[in-house]
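Only one structure is covered here, and it is reproduced in the block below.
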Amino acid sequence: MTTDTEARAARAGRFDPASYERRWRERWEADRLFHADDDDPRQKRYVLTMYPYPSGDLHIGHWYAAVGPDIVARLHRMRGENVMFPMGFDSFGLPAENAAIDRGIHPATWTYANIDRMRAQFRTMGCMFDWEREVVTSDPEYYRWTQWLFLQFYKAGLAYRAMAPVDWCPKDQVVLAREQVEGVDRRCWRCGTPVVKRDLEQWFFRITRYADELLNFEGLDYPEPIKAMQTNWIGRSEGAEIDFPVEAEGVDPIRVFTTRPDTVFGATFMVLAPEHPYVSVLTTPERQADVSAYVAAARRETEIERMSAEREKTGVFIGAHAINPMTRERIPIWIADYVLPGYGTGAIMAVPAHDERDYAFARAYDLPIRYVVLPRGGEPPEGQAFVAHTQDEVLVDSGEFSGMPAAEAIGAITRRLGELGLGGPAVSYKIRDWLVSRQRYWGAPIPIVYCPQHGAQPVPEEQLPVVLPPDVDFAPTGVSPLQSHAEFLAARCPECGGEARRETDTMDTFVDSSWYFLRYCSPRDEAAAWDPEKVAAWMPVDLYTGGAEHAVMHLLYARFFVKALRDMGLLAFDEPWLVLRNQGQILGMDHQRMSKSRGNVVAPDELVSRYGADTVRMFLMFIGPWDQGGPWNPTGIEGVHRFLGRVWSLAQAEPSTPAPSDELLGTPDEMARALRRATHSTIAEVTEDYSGFRFNTAVAKLMELSNAIGRARDAGLAGTDAYAEAVDTLLLLLAPIAPHIAEELWERRGHGYSIHDQAWPEADPELAVADTIELPVQVDGRLRDRLVVRRDTPAEEIERLALASEHVQRYLAGRPPRRVVQIPGRLVNVVTPGD
RNA sequence: GGGCGAGUGGCGGAACGGCAGACGCGCCGGCCUUAGGAGCCGGUGUCCGCAGGACGUGCGAGUUCGAAUCUCGCCUCGCCCACCA
């Protein structure tokens with residue numbers, strides 16, 4: 001036995017992935033095997049995975065993220081589709097600049113060295129990336145078109161400049177988008193420093209114009225959590241705007257937004273955000289000192305202090321009054337920092353009886369609380385606001401609306417306000433316009449110049465790209481390093497030709513990533529951002545994969561881009577990707593997110609050199625559901641390596657004399673049929689699993705098939721057609737997940753290059769089913785026996801056999817069963833009469 | 001505070017409402033070895049055991065012939081959002 005094994009092993013050669021993996025990768029690349037041809041007439045399939053930031057080295061998480069879509073892309077390719085699976089680098093961004101500050105390396109030097117290293121590391125994965133389509137967003141050939149797109153947004157009125165209170169990271173010395181401020185304590189997403197508010201002139205993209213369309217996910221196959229996150233982020237609220245006239249000459253009423261117009265009769269005071277423009281207009285002289293102090297304090301506060309929900313409510317009375325438009329009562333106007341300047345109208349009608357925040361404020365400042373909505377026949381609750389909004393509340397103390405169900409009153413009161421010219425229905429959103437300017441160097445310069453005569457002027461398209469000058473000072477000063485570069489700064493006004501100053505802010509890197517999937521379609525086009533015909537042919541992306549952490553940033557921005565570009569007539573579709581899948585996150589062994597600062601980053605290199613790329617790929621896919629991720633633990637990689645080693649020897653097994661009939665396994669014919677059954681059911685199952693991103697169970701089924709092949713070999717089937725079919729099928733099914741060994745063994749078995757050009761195997765349903773089945777027999781739902789019967793045994797016969805079982809009879813004790821439940825092909829359940 | 005997930009052997013994890021624990025790791029035993037940290041074979045949820053049983057999917061109820069799976073209520077953990085009127 002051992003000597004046989006050794007002899008076979010000697011002929012087959014030792015299983016040594018290092019001896020063939022690199023060789024095959026080089027050959028595939030030299031042959032352009034995985035290059036997607038624009039002119040290929042077959043069905044196109046655009047598979048995309050999020051391109052990485054070139055941080056320095058690939059870690060195990062990059063492998064995990066890339067191998068999943070690679071498997072699916074390869075499956076489609078073997079099914080005869082023209083598959084594009086490109087890769088590139090999101091290479092602008094802050095870390096490069098930090099490297100410049102910390103170590104004196106130019107951002108470009110640092111970035112491109114990292115790209116070179118990571119590109120080489122990427123190649124060791126054996127993914128079918130089409131490197132001929134690579135995009136690098138910091139290349140002038142790329143950001144030229146990022147700038148061009150900015151100009152299109154500008155011309156379309158979707159890019160604008162405004163003074164705004166913005167989130168500012170004091171450590172990185174940069175403005176952040178709202179989406180880049182994280183957590184309850186409002187920290188910078190990059191460095192974790194608490195952010196502060198600053199008023200600055202900034203560039204915005206008008207994403208709010210598309211809020212409603214972005215809420216529509218019809219026809220999109222997204223994970224539910226992503227849809228929920230985007231929906232919550234956009235935060236659409238329906239309600240009413242209501243005007244509260246003020247007691248001051250020549251001042252327009254204060255307009256508020258509320259989702260509860262039914263409670264307007266309970267509005268006993270008003271609260272303005274301290275930033276509200278009316279504060280300075282309405283404050284009475286005797287209140288001026290207190291109000292100014294409060295406003296100044298609010299401005300100094302960081303977001304941390306301001307946003308904390310647990311915080312005591314504070315505010316001051318500004319001395320002025322407004323009129324409740326329904327009760328006609330005179331109500332005091334306060335300012336308080338719990339009213340946010342950016343949401344709704346920056347002013348609220350305070351209804352302490354029906355809003356917890358207003359209630360807390362009223363209690364703190366002894367303001368009147370009036371309940372106007374109550375459960376039918378109920379009493380006002382003791383010591384708290386009544387916010388419940390079920391079906392059964394009615395209005396009380398609300399004039400002509402008293403007695404009306406609250407649900408109905410929302411519409412009725414809103415209509416009445418409209419009739420009175422005091423407001424009407426309104427919709428409010430949490431989402432704000434996207435702040436895209438950054439006071440940083442390593443990004444695409446915003447293509448605008450400022451002329452003393454003509455103001456902000458777009459750089460003419462033929463002058464693009466506005467190139468980053470290489471020689472700047474990188475010390476962090478709070479202004480862009482470009483501001484101290486005289487040559488860059490000096491520009492001509494496109495309108496008058498006079499001296500002008502160039503915009504020194506660069507664009508958020510999320511602008512770069514909002515269109516890179518379009519550039520992949522015609523990556524070397526020098527005349528346009530993309531070739532419309534090629535984009536029409538390839539887009540939209542059929543399958544997009546990446547981390548869920550981009551739910552409200554990249555994924556939302558890119559959807560906005562596509563919709564905006566469609567409305568400019570530049571694209572003819574509505575959504576960038578039709579199917580989205582998120583991989584889980586691979587955590588460090590300490591169960592923390594992998595990061596250099598924690599020192600828990602797992603590099604794949606050592607594993608790859610010890611076991612080969614196929615083993616690492618397969619192990620990563622085997623550890624659990626792909627969308628789940630989890631802490632890294634290399635225990636168990638040996639099992640996957642052993643499996644590939646078994647495939648290695650099974651695929652090269654020498655024909656042996658067929659064994660005689662075996663009492664347990666049957667005749668050689670029966671054994672062959674069993675093997676074919678295993679082969680064909682595995683085809684069906686693995687195909688399903690790959691398509692559904694269930695790679696872990698796919699691997700388990702491949703292992704089961706190889707176990708069956710091993711038993712067949714031991715039974716002497718190695719020379720038979722059934723054996724050859726089983727092994728060749730196993731290799732084909734293995735090709736997407738372990739492309740190197742599949743190719744090597746395919747060749748060794750005398751088939752032509754390349755296995756990756758073979759057709760995906762088809763399962764024969766006739767062969768996949770067994771002639772005899774084993775039926776579990778339950779008594780009262782508990783397993784008591786098993787029946788082995790032919791597949792076509794009639795139900796009456798099965799019932800007879802089941803009742804005849806001594807294990808069943810023991811529980812029936814001679815009584816007739818109350819009933820017998822049969823699920824055809826699944827089980828039999830005998831229900832006893834009971835007591 | 002709101003929203004969404006998830007709790008199954010020693011471990012990672014399987015399981016259209018129908019045989020709980022597939023597949024693998026680990027562990028135990030055996031074979032082969034000068035050796036085994038290589039390879040191969042067998043066993044492995046817990047408890048009682050001769051056969052054969054009992055108990056088992058975070059906890060408690062319910063629906064069902066039958067529940068890891070569906071419903072309700074708790075507990076724990078994770079993620080996202082959070083003074084959004």
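The sequence lines fix the lettering, A, B, ..., with proteins before strands; numbering per chain opens at 1.
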Under 4.0 angstrom, heavy atoms only, what part of the nucleic acid is [X] near: base, sugar-phosphate, or nothing?
{"X": "A:E704", "value": "sugar-phosphate"}
{"X": "A:D358", "value": "nothing"}
{"X": "A:E638", "value": "nothing"}
{"X": "A:N696", "value": "sugar-phosphate"}
{"X": "A:R236", "value": "nothing"}
{"X": "A:H591", "value": "nothing"}
{"X": "A:R694", "value": "nothing"}
{"X": "A:I623", "value": "sugar-phosphate"}

Proximal nucleotide (of [options]) relative to the [X] side chain:
{"X": "A:Q778", "options": "B:rG39, B:rG18, B:rA85", "value": "B:rG18"}
{"X": "A:Y811", "options": "B:rC25, B:rG3, B:rG53", "value": "B:rG53"}
{"X": "A:M703", "options": "B:rG18, B:rC83, B:rG24", "value": "B:rG24"}
{"X": "A:T259", "options": "B:rA14, B:rG53, B:rA85", "value": "B:rA85"}
{"X": "A:R810", "options": "B:rG52, B:rG24, B:rA14", "value": "B:rG52"}
{"X": "A:V821", "options": "B:rC40, B:rC65, B:rC83", "value": "B:rC65"}
{"X": "A:F257", "options": "B:rG39, B:rA85, B:rG53", "value": "B:rA85"}
{"X": "A:A700", "options": "B:rG24, B:rA85, B:rA22", "value": "B:rA22"}

Expressed in whole Å, how much space separates the [atom1] atoms belonging to [N] and [M]?
{"N": "B:rG7", "M": "B:rA14", "atom1": "C1'", "answer": "16 Å"}
{"N": "B:rG24", "M": "B:rG13", "atom1": "C1'", "answer": "9 Å"}
{"N": "B:rC80", "M": "B:rG9", "atom1": "P", "answer": "27 Å"}
{"N": "B:rG21", "M": "B:rG30", "atom1": "P", "answer": "28 Å"}
{"N": "B:rU8", "M": "B:rU57", "atom1": "P", "answer": "11 Å"}
{"N": "B:rA54", "M": "B:rU76", "atom1": "C1'", "answer": "30 Å"}
{"N": "B:rC41", "M": "B:rC47", "atom1": "P", "answer": "28 Å"}
{"N": "B:rC23", "M": "B:rG42", "atom1": "P", "answer": "12 Å"}

In this structure, how many angstroms lie between the [atom2] atom of [N] and the [atom1] atom of [X], rounded?
{"X": "A:I737", "N": "B:rC23", "atom1": "CD1", "atom2": "P", "value": "17 Å"}
{"X": "A:L644", "N": "B:rG24", "atom1": "CG", "atom2": "P", "value": "13 Å"}
{"X": "A:Q230", "N": "B:rC4", "atom1": "CD", "atom2": "P", "value": "17 Å"}
{"X": "A:I823", "N": "B:rC19", "atom1": "CD1", "atom2": "P", "value": "11 Å"}
{"X": "A:F622", "N": "B:rG24", "atom1": "CZ", "atom2": "C1'", "value": "4 Å"}
{"X": "A:I431", "N": "B:rA82", "atom1": "CD1", "atom2": "P", "value": "12 Å"}
{"X": "A:K313", "N": "B:rG1", "atom1": "NZ", "atom2": "C1'", "value": "11 Å"}
{"X": "A:F619", "N": "B:rG13", "atom1": "CZ", "atom2": "P", "value": "11 Å"}

Q | Side chain proximity check, A:M618 to A:L702, heavy atoms < 4.5 angstrom | A | yes
Please give the nucleotide sitting opposite [N] as a Watson-Crick or G-U wobble pair, both distances under 3.5 Å, or none.
{"N": "B:rG1", "answer": "B:rC81"}
{"N": "B:rC19", "answer": "none"}
{"N": "B:rC31", "answer": "B:rG39"}
{"N": "B:rG7", "answer": "B:rC75"}
{"N": "B:rU44", "answer": "B:rG26"}
{"N": "B:rG49", "answer": "none"}

Side-chain N or O of [X] versus OP1/OP2 of [N]: is the shortest distance under 4.0 Å?
{"X": "A:S237", "N": "B:rA85", "result": "yes"}
{"X": "A:R786", "N": "B:rC19", "result": "no"}
{"X": "A:R782", "N": "B:rG56", "result": "no"}
{"X": "A:R593", "N": "B:rG78", "result": "no"}
{"X": "A:N707", "N": "B:rG24", "result": "yes"}
{"X": "A:Q822", "N": "B:rC65", "result": "no"}

Between [X] and [Y], does the ring centroid distance fall short of 6.0 Å?
{"X": "A:H641", "Y": "A:F619", "result": "no"}
{"X": "A:Y371", "Y": "A:H354", "result": "yes"}
{"X": "A:F622", "Y": "A:F695", "result": "no"}

Q. Of all heavy-atom pairs between A:L730 and A:I709, which one has the smallest distance, and what is that distance?
A. CD2-CD1, 3.9 Å
Q | Closest non-hydrogen atom pair between A:R617 and A:P736, with its separation | A | NH2-O, 2.9 Å
Q. Does the ring of A:F361 carry A:K313 above it, NZ/CZ under 6.0 angstrom from centre and within 45° of its axis?
A. no
If only side-chain N and O atoms count, and only distance matters, is there a donor-acceptor pair under 3.5 Å linking [Y] with [X]?
{"X": "A:E638", "Y": "A:Y611", "answer": "yes"}
{"X": "A:N582", "Y": "A:D627", "answer": "no"}
{"X": "A:Y338", "Y": "A:T314", "answer": "no"}

Q. For A:G344 and A:P776, take the nucleotide of RNA chain B holding the closest heavy atom to each; which residue's nucleotide lies nearer the 5' end?
A. A:P776
(Q) Let me spell it out: for each of A:V640 and A:G781, pick the nucleotide of RNA chain B with the closest heavy atom. Which residue's pick is nearer the 5' end? (A) A:V640
Q | Syn or anti conformation of B:rG9, syn meaning chi within 90° of 0 | A | syn
